[in-house]
Amino acid sequence: MENKVLVEISARHVHVSQQDLETLFGKGYELTVKKELSQPGQYACNERVKVIGTKGEFPSVSILGPVRKETQVELSLTDARSIGVTAPVRESGDLDGSGSCKLVGPQGEIEIEKGVIAAKRHIHATTADAEKMGLKNGEIVSVEIPTSNGRNLTFGDVVVRVSDSYALAMHIDTDEANAAGMAPNTIGIIK
């Protein structure tokens, strides 16, 4: 039996700490939900910020909620190059030695010394999903993206992340999705 997983495309976005949120949007500010995301408790916000690098900027980047312990900017490698920032490929939250940029909101701006990454491709799975598929937390797998457009691709170095607070899905960035000519609701095969 093949292990299959929905592959979702994650576009550029920002996670903010409460302190940075208040600097950008004002004292006591709280994020507002625009749309629930597939991962339980996660949502796209109505709030957006400008992300500025040494060569350019993205004028309106979505914030994802809820607030986090540390501010983190997730870009594709193409995004990072285009605005002149460093974005090492990392798992979410692994920010030591990561890139820096400026964030600008309607009430203020911040220079983040670290926090810019290109998210390592990963699979979210519950404990039950992982057991059913024979996967373990931290395991590295490959996922085949079968397409009918002549751009079939197998992604290696996919990290499995297991938690009962997750919903089963694989996340890749826009560069990776474009390389596979991928459409929404693509199902990948875990190898």
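Please read all numbers here as calculations on a predicted model, not as lab measurements.
Judged purely by distance below 3.5 Å, without hydrogens or angles, the side chains of Thr78 and Ser76 never pair a donor atom with an acceptor atom. For the residue pair Thr23 / Asp20, no side-chain donor-acceptor distance below 3.5 Å is found, with atom types taken as modelled. Side-chain atoms of His15 and Glu74 include a donor-acceptor pair closer than 3.5 Å.
For the residue pair Pro40 and Ala167, the shortest heavy atom distance occurs at CD-N, 3.7 Å. Across Gln42 and Pro66, no two heavy atoms sit closer than the pair NE2-CD, 3.8 Å. Residues Ala130 and Ala125 come closest through the heavy atom pair N-CB, 4.3 Å. Taking each heavy atom of Gly99 and Pro88 in turn, the nearest pair found is N-CD, 3.9 Å. Closest approach of Gly105 and Val49 over heavy atoms only: CA-CG1, 4.4 Å. A pairwise comparison of heavy atoms in Ala169 and Gln39 identifies CB-NE2, 3.9 Å as the closest pair.
Linking Ile, Leu, Val, Met, Phe, Trp and Tyr residues whenever their side-chain heavy atoms come within less than 4.5 Å places Ile83 and Ile110 in a single cluster. Follow the hydrophobic side-chain contacts under 4.5 Å out from Leu75 and you never reach Ile172; the two are in separate clusters. In the hydrophobic clustering of this structure, Val33 groups with Ile63; members are Ile, Leu, Val, Met, Phe, Trp, Tyr whose side-chain heavy atoms approach within less than 4.5 Å, directly or through other members. Criterion: ILVMFWY side-chain heavy atoms under 4.5 Å apart, direct or through other members. Under it, Val143 and Leu168 are part of a common hydrophobic cluster. Under a hydrophobic clustering in which Ile, Leu, Val, Met, Phe, Trp and Tyr are joined whenever their side-chain heavy atoms come within less than 4.5 Å, directly or via other members, Val104 and Val16 fall into different clusters.
The stretch residues 42-78 participates, sequence neighbours left out, in no ring pair (Phe, Tyr, Trp, His ring centres under 6.0 Å) pair at all. Screening residues 91-110 for ring pair (Phe, Tyr, Trp, His ring centres under 6.0 Å), with sequence neighbours left out, gives no hits.
Note that CG of Leu77 and OG of Ser82 are 11.0 Å apart. Values are rounded to the nearest 0.5 Å. Atom OG of Ser62 and atom CZ of Arg12 lie 11.0 Å apart (nearest 0.5 Å). Interatomic distance, CZ of Phe155 versus CD1 of Ile123, reported as 11.5 Å (0.5 Å rounding). One distance of note links CD of Glu22 with CD of Gln107; it measures 12.0 Å at 0.5 Å rounding. To the nearest 0.5 Å, atoms OG (Ser100) and CD (Glu111) are separated by 7.5 Å.
Among Asp79, Leu103, Val85, the single residue meeting the side chain to side chain contact (heavy atoms under 4.5 Å, CB included) criterion with Val51 is Leu103. Exactly one residue among Val159, Val162, Val160 makes a side chain to side chain contact (heavy atoms under 4.5 Å, CB included) with Asn137. That residue is Val162.
Here Lys34 pairs with Asn46, Arg48 under the side-chain contact (heavy atoms from CB on, under 4.5 Å) rule; sequence neighbours left out.
Looking only at side-chain heavy atoms (C-beta outward), Val141 and Glu139 come within less than 4.5 Å of each other. Inter-residue side-chain proximity for Ile52 and Cys101 is flagged as unmet; no heavy-atom pair is nearer than 4.5 Å. Within the 4.5 Å cutoff, the side chain of Leu64 has heavy atoms near those of the Leu37 side chain. The shortest side-chain heavy-atom distance between Ile140 and Val158 does not fall under the 4.5 Å cut-off.
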Donor-acceptor contacts under 3.5 Å from residues 4-11 side chains, at least two apart:
unit_1	atom_1	unit_2	atom_2	d
Glu8	OE1	Ser38	OG	2.7
Glu8	OE1	His171	NE2	2.7
Glu8	OE2	Ser38	OG	3.0

Donor-acceptor contacts under 3.5 Å from residues 24-31 side chains, at least two apart:
unit_1	atom_1	unit_2	atom_2	d
Tyr29	OH	Glu47	OE2	2.7

Which donor-acceptor pairs under 3.5 Å do side chains of residues 176-191 form with protein atoms, sequence neighbours excluded?
unit_1	atom_1	unit_2	atom_2	d
Glu176	OE1	Asp173	N	2.8
Glu176	OE2	Arg121	NE	2.8
Glu176	OE2	Arg121	NH2	3.1
Asn178	ND2	Thr174	O	3.2
Thr186	OG1	Ala183	O	2.5
Lys191	NZ	Glu144	OE1	3.2

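Salt-bridge formation is not detected for the pair Lys120/Glu91: no Lys NZ or Arg NE/NH1/NH2 atom is positioned less than 4.0 Å from an Asp or Glu carboxylate oxygen. Here Lys114 pairs with Asp96 in a salt bridge; the nearest charged N to carboxylate O distance falls below 4.0 Å.
Proximity of a side-chain donor or acceptor of Ser98 to a complementary backbone N or O of Gly115 within less than 3.5 Å is detected.
For Gln19, the CD atom is loosely surrounded, since the number of other residues' heavy atoms within 6.0 Å does not exceed 12.
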Problem set entry | Step-by-step side chain to side chain contact (heavy atoms under 4.5 Å, CB included) determination, Gln72 to Ser92 | CA-CA 8 Å; Gln72 175 175 301; Ser92 183; 3.0 Å; yes
